[in-house]
Amino acid sequence: MLVLGIESSCDETACAIVKEGNIILSNIISSQVDIHEKYGGVVPELACRRHIDLILPVIDEALEKANVKLEEIDVIASTQGPGLIGALLIGLTTAKGIALALKKPFIGVNHIEAHLYAAIMSSQEKMSFPCLGVILSGGHTNLVWIKDIGDYEPIGKTIDDAIGEAFDKAAKMLGLPYPGGPEIERIAKQGDPLAYSFKAGQMKEQPLNFSFSGLKTALLYALQKEPQPIDEKTKQNLAASFQRAAFEDVIKKTEIACKHYNVQTILMGGGVTNSRTLRTLFQEKLGQDYTFIWPSEGLSLDNAAMIAGLGYHRYRRNLKGDSLSLEPLTRIPF
Ligand code: KG4
Ligand code: ZN
């Protein structure tokens, strides 16, 4: 079965062709970083205009790279949400149009669930459930108890900024370009992670929830206390200490969740899991006791292969598509 997946929830216009749910024939991602970077974040109106320009060429490229004709596609899947409303509408409407023209089923996919599916797609092993899902992206920070694919219980989330968003804002304070996560990781390599005693937020009553806004403010105050303009070493120390505090927090809460829910396997997903530093720290701290499943190359950041993969799974399970009147959703409770 060949699934064409479309992703357009934020600032990537992406299309992928996936065979039997995990054989990626093509995975085309057209990033819009160039137009958003001067604003230090995504400008929704600009993102929508760029999606309109790119969506058809990106689909053509994905078909060409996969050496597949549009008529050979069996199912068309697209991100239903969460995301920017205009951006979602472009991908979803295009997918519905193709499905209608080809008389093939259409599936609307939850983007956050797809980030977890990216790890499942990447794994050679057969998955055993229940397990824990950890989603760390620009828009989401979630801990999820996964009883089976499609059967999730949210157990922790951020009460303010998402972790990737906090990295992007921290980078902006340090005068680094957007997206900030990779930039912080790059300069943190030369910095001292213990130079500043930063800590992410803890909620006594909600030990599995996250808060990164206080950490961001702590960075700002520490930065303002330094002689201006700050020198390169100070910048590296601030970046390294910020990164350490954010990752320590995620690792600690993941461990609490694993113990509480008695799971052995952890599925990791979302753009922040692209960080080698994060992967090494998780592996060092928890690798002895738990099995980690990470998204493979090209599947951490937003992509359409994970949308096609989850679309395949959903179609196989229900053997029918979604209604063509399915609406995009900016928020989906998870
Ligand atoms: O999953 P994603 O592509 O988009 C959303 O669904 O939000 O994640 C993008 C986020 C950005 O905030 C980016 O700064 C962050 O992932 N990110 C990183 C790293 N690489 C990407 N954060 C920390 N360290 C990294 N190496
Ligand atoms: Zn994402």
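We count ligands from 1, going down the list as the structure has it; atoms in each ligand are counted the same way. None of these values were measured; they are calculated from a predicted model. Positions are given from 1 along the sequence.
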**Q** Could you pull out, from T141, I112, D302, N303, the option with a heavy atom nearest to atom 3 (O) of ligand 1?
**A**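 Closest candidate by heavy-atom distance is D302.
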**Q** Polar contacts were defined as any N/O atom of the residue lying under 3.5 Å from an N/O atom of the ligand; does this apply to F167 and ligand 1?
**A**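 No, there is no polar N/O contact under 3.5 Å.
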**Q** Side chains of R279 and S300: donor-acceptor distance under 3.5 Å anywhere?
**A**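 Checked: R279/S300 side chains pair up, N/O donor to acceptor below 3.5 Å.
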**Q** Would the number of heavy atoms belonging to other residues, nucleotides or ligands and lying under 6.0 Å from CD of E125 be above 12?
**A**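 Count not over threshold, so no.
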**Q** Return the closest protein heavy atom for atom 15 (C) of ligand 1 as residue, atom name and distance.
**A**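 Looking at atom 15 (C) of ligand 1, the protein heavy atom closest to it is V272 CG2, 3.8 Å.
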**Q** I need the atoms of ligand 1 closer than 4.0 Å to a non-hydrogen atom of G138, numbered in the order shown.
**A**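 Taking each heavy atom of G138 in turn, ligand 1 has 5 (C), 7 (O), 8 (O), 9 (C), 10 (C), 12 (O) under 4.0 Å.
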**Q** Give the intermediate values and the outcome of ring pair (Phe, Tyr, Trp, His ring centres under 6.0 Å) for residues F167 and F247.
**A** CA-CA 11 Å; F167 269 89; F247 288 170; 5.4 Å; yes
**Q** Under 4.0 Å, heavy atoms only, figure out whether ligand 1 is touched by the backbone of H111, its side chain, both or neither.
**A**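 The part of H111 near ligand 1 is the side chain, not the backbone.
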**Q** Restricting to non-hydrogen atoms, name the atom on A66 and the atom on L25 that form the minimum distance, rounded to 0.1 Å.
**A**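 Where A66 meets L25 most closely, the heavy atoms are CB-CB, 3.5 Å.
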**Q** What orientation do H111 and H115 show, parallel under 30°, tilted 30 to 60°, or perpendicular over 60°?
**A**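 Perpendicular.
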**Q** Under 4.0 Å from a heavy atom of L301: which atoms of ligand 1 are those, numbered in the order shown and with their elements?
**A**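 That gives atoms 3 (O), 21 (C) of ligand 1.
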**Q** Could an N or O of ligand 1 be found under 3.5 Å from any N or O of F247, whether backbone or side chain?
**A**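 For ligand 1, there is no N or O atom that lies under 3.5 Å from one belonging to F247.
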**Q** Could you pull out the closest heavy-atom pair between G181 and D168, with the gap in Å?
**A**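 Smallest interatomic distance, heavy atoms only, reads N-OD1, 3.6 Å.
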**Q** Among A246, G180, G181, S300, whose heavy atom sits nearest atom 24 (N) of ligand 1?
**A**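 Of the listed residues, G181 has the closest heavy atom.
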**Q** Would a distance-only check, ignoring hydrogens and angles, find a side-chain to backbone donor-acceptor pair under 3.5 Å from E185 to Q243?
**A**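 Side chain of E185 to backbone of Q243, a donor-acceptor pair under 3.5 Å: no, none is there.
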**Q** At under 4.0 Å between heavy atoms, is it the side chain or the backbone of H115 that contacts ligand 1, or both, or neither?
**A**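 Answer for H115: side chain.
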**Q** Does any N or O atom in E185 lie less than 3.5 angstrom from one in ligand 1, N or O only?
**A**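 N/O-N/O distance under 3.5 Å: yes.
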**Q** Please report the C-alpha distance between T234 and N237 in whole Å, then the side-chain angles of each, then the deciding distance to 0.1 Å, and finally whether the side-chain hydrogen bond (donor to acceptor under 3.5 Å, both in side chains) criterion is met.
**A** CA-CA 5 Å; T234 307; N237 287 343; 5.8 Å; no
**Q** Work out which heavy atom in F242 is nearest to a heavy atom in F198; give both atom names and the distance.
**A**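 That would be N-CD1, 3.6 Å.
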**Q** Answer yes or no: does an N/O atom from G164 fall short of 3.5 Å to an N/O atom of ligand 1?
**A**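 Yes: some nitrogen or oxygen of G164 is under 3.5 Å from one in ligand 1.
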**Q** Taking non-hydrogen atoms only, is D168 closer than 4.0 angstrom to ligand 1 via side chain, backbone, both or neither?
**A**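 Side chain only; the backbone of D168 stays clear of ligand 1.
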**Q** Evaluate salt bridge (charged side-chain N to carboxylate O under 4.0 Å, His left out) for R186 paired with E183, printing each intermediate quantity in order.
**A** CA-CA 5 Å; R186 183 177 59 79; E183 294 295 320; 2.7 Å; yes
**Q** At what distance is the nearest protein heavy atom to atom 21 (C) of ligand 1, and which residue and atom is it?
**A**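 Of the protein heavy atoms, G271 O, 3.4 Å lies nearest.
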**Q** Quick check: does P179 get an N/O under 3.5 Å from an N/O on ligand 1?
**A**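 P179 vs ligand 1: no N/O contact under 3.5 Å.
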**Q** Quick test of your reading of the model: are K235 and D231 salt-bridged, counting only N-O distances below 4.0 Å?
**A**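 Salt bridge between K235 and D231, a charged N being under 4.0 Å from a carboxylate O: no.
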**Q** Can you confirm whether the side chains of D11 and H51 place a donor and an acceptor under 3.5 Å from each other?
**A**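 Side chains of D11 and H51: no pair found under 3.5 Å.
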**Q** Say you draw a straight line from CH2 of W145 to NE2 of H260; how long is it, rounded to the nearest 0.5 Å?
**A**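 W145 atom CH2 to H260 atom NE2 measures 10.0 Å (nearest 0.5 Å).
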**Q** Would you say C10 touches ligand 1, if touching means a heavy atom closer than 4.0 Å?
**A**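 It does not, in that no heavy atom of C10 comes within the 4.0 Å cut-off of ligand 1.
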**Q** Check the Zn ion (ligand 2) and write out every protein N, O or S atom at under 2.8 Å, as residue and atom.
**A**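 Short answer, with waters excluded from the count: H111 NE2, H115 NE2, D302 OD1.
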